[in-house]
Amino acid sequence: LLAMPPAASPVDFPDIQARGSLRVIAAEGEQPEMFDFDGDPAKPGLEREMLEGFARLKRLRLEVVAVRTFSDRIPALLRGDGDVIIGLVDTAERRKRIDFTDEVLPVRHLAVTHKPAAPVNSVEDLRKRKAGTIRGTTGARETLAAGVPEAQVEYFSDTEPMLQALAAGRVAVVVMTLSDFVLAADRHPGLEGGVFVGEPAHAAWGLRKQDKELKAELDGYIGNLRSGASWNRLIVTYFGEKALSVLGRTTGR
């Protein structure tokens with residue numbers, strides 16, 4: 001018993017207000033357009049800008065809790081290291097351990113190749129190629145669920161090493177979310193999107209199951225933000241001309 005880590009103390013919104021800070025958990029591999037760890041005032045990232053707005057509204061400081069890998073996010077939340085996880089796809093498996101806010105962004109996963117390689121136009125084609133994905137993400141889950149043999153999969157710690165391996169030909173295809181693909185394509189012009197993998201889903205912020213008041217506050221904030229003009233500005237600022245595609249309002253292969 002002495003060797004066991006102490007359980008996290010219950011924390012909900014009144015405790016956060018008393019502390020005066022909202023602690024946000026983010027993996028170091030997050031794309032800066034979603035969460036800039038340097039906190040660039042001009043462009044802090046879509047989710048960071050959203051949470052900074054919430055913190056200002058509630059007169060809280062925003063504290064960033066960086067974790068090394070995507071797999072580290074939920075354990076950090078359950079230990080009590082932070083109050084909310086950003087950049088998390090809502091899944092039934094994850095809901096067994098944590099709760100989620102309302103939708104932040106819709107999510108589709110797709111197979112991505114690098115020119116001059118041919119795009120992946122079917123799930124059958126995906127199963128024949130060596131695939132790269134990020135451990136602890138829904139991209140990894142969808143890769144295996146599509147029928148790619150695990151012996152044919154190479155795991156990476158985050159997005160950039162995976163895309164470098166794709167460009168170098170170490171892997172033939174990677175599975176990633178549409179939003180991550182859109183952002184990465186600006187830095188890696190050779191990327192090409194192919195077939196969608198898995199069913200539509202959505203990204204939200206992860207919370208401890210007991211934090212009901214925090215969930216209610218965040219849900220109300222997300223709903224108000226997404227119903228106003230500020231939401232359109234945020235989406236266009238970070239996704240540009242491909243904003244409608246990310247929001248699922250155009251079709252893909």
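Hydrogens, waters and symmetry mates play no part in the numbers below; they use all other heavy atoms, side chains included. Remember, it's a predicted structure, so these values are computed and weren't measured experimentally.
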Quiz item: What orientation do Phe54 and Phe13 show, parallel under 30°, tilted 30 to 60°, or perpendicular over 60°?
Solution: tilted
Practice problem: Measure across Thr113 and Ala118 and return the closest heavy-atom pair with its distance rounded to 0.1 Å. | Solution: CG2-O, 3.6 Å
Quiz item: Does Arg68 CZ have over 12 foreign heavy atoms under 6.0 Å away?
Solution: no
Self-check item: Side-chain touch Tyr221/Lys58, heavy atoms, less than 4.5 angstrom
Solution: no
Quiz item: Is there a side chain to side chain contact (heavy atoms under 4.5 Å, CB included) between Glu49 and Thr237 once you walk through the steps?
Solution: CA-CA 11 Å; Glu49 188 165 341; Thr237 295; 5.5 Å; no
Quiz prompt | Same cluster (ILVMFWY, side-chain, under 4.5 Å), Leu51 and Phe37 | solution = yes
Self-check item: Same apolar cluster: Leu214 and Leu57, side chain cutoff 4.5 Å
Solution: yes
Quiz prompt | Modelled atom types, side-chain donor and acceptor of Ser122 and Asp125, under 3.5 Å | solution = no
Quiz prompt | Over all atoms of both residues, closest heavy-atom pair of Gly198 and Arg108 | solution = O-NH2, 3.1 Å
Quiz item: Counting only heavy atoms not in Glu93, do more than 12 fall under 6.0 Å of its CD?
Solution: yes
Quiz prompt | Check: Arg208 side chain, Leu77 main-chain N or O, donor-acceptor pair, under 3.5 Å | solution = yes
Quiz item: Same cluster for Val89 and Val24 if Ile/Leu/Val/Met/Phe/Trp/Tyr side chains link at under 4.5 Å?
Solution: no
Practice problem: Answer whether the closest heavy-atom distance between the side chains of Val174 and Phe156 falls below 4.5 Å. | Solution: no
Exercise. Would you check if Thr133 and Val148 make a side-chain contact, meaning some heavy-atom pair closer than 4.5 Å?
Key: no
Quiz item: Would you say the side chain of Ile86 lies within less than 4.5 Å of the side chain of Val104, judging by non-hydrogen atoms?
Solution: no
Quiz item: With no hydrogens and no angle check, is any side-chain donor or acceptor of Glu154 less than 3.5 Å from a backbone partner on Lys130?
Solution: no
Practice problem: Could you check His188 against Glu160 for side chain to side chain donor-acceptor pair (under 3.5 Å), going step by step and ending with a plain yes or no? | Solution: CA-CA 10 Å; His188 301 269; Glu160 285 307 308; 2.9 Å; yes
Quiz item: Just one of Lys43, Arg233, Glu47 clears the side-chain contact (heavy atoms from CB on, under 4.5 Å) bar with Tyr238, so which one?
Solution: Lys43
Quiz prompt | Sub-4.5 Å side-chain heavy-atom contact between Arg23 and Asp81 | solution = no
Quiz item: Can you get from Val123 to Leu178 by hopping between Ile, Leu, Val, Met, Phe, Trp and Tyr side chains that sit under 4.5 Å apart?
Solution: no
Quiz item: Taking the side chain from Arg127 and the backbone from Ala146, do they hold a donor-acceptor pair closer than 3.5 Å?
Solution: yes
Exercise. Find the distance between CD (Glu33) and CG (Leu46) and round it off to the nearest 0.5 Å.
Key: 10.5 Å
Quiz item: Given side chains that start at C-beta, do those of Leu218 and Leu207 come closer than 4.5 Å, heavy atoms only?
Solution: yes
Exercise. Take atom NZ of Lys209 as the centre, draw a 6.0 Å sphere, and report whether it contains more than 12 heavy atoms from other residues, nucleotides or ligands.
Key: yes
Quiz item: Any donor-acceptor pair under 3.5 Å linking the side chain of Asp36 with the backbone of Pro32?
Solution: no
Quiz item: So, does Thr101 use its side chain to make a donor-acceptor pair with the main chain of Trp205 at under 3.5 Å?
Solution: yes
Quiz item: Any ion pair linking Lys212 and Asp12 (charged N to carboxylate O, less than 4.0 Å)?
Solution: no
Quiz item: How close do Ala172 and Arg129 get, heavy atom to heavy atom, and via which atoms?
Solution: CB-CB, 3.9 Å
Quiz prompt | Salt-bridge criterion met for Arg48 and Glu30 (N-O under 4.0 Å) | solution = no
Self-check item: Any Thr138 side-chain heavy atom under 4.5 Å of His109 side chain
Solution: yes
Quiz item: Is any side-chain N of the basic residue among Glu63 and Arg19 closer than 4.0 Å to the acidic one's carboxylate O?
Solution: no
Practice problem: Report yes if some heavy atom in the side chain of Thr143 is under 4.5 Å from a heavy atom in the side chain of Val197; otherwise report no. | Solution: no
Self-check item: hydrophobic_cluster_shared for Val107 and Phe239, side chain cutoff 4.5 Å
Solution: no
Quiz prompt | Which atom of Ala117 lies closest to which atom of Glu192, heavy atoms considered | solution = O-OE1, 4.3 Å
Quiz item: Looking at Arg73 and Ile85, what are the two nearest heavy atoms and their distance?
Solution: O-CD1, 3.6 Å
Quiz item: If every non-hydrogen atom of Phe70 is compared with every non-hydrogen atom of Ile134, which pair is closest and at what distance?
Solution: CD1-CG2, 3.6 Å
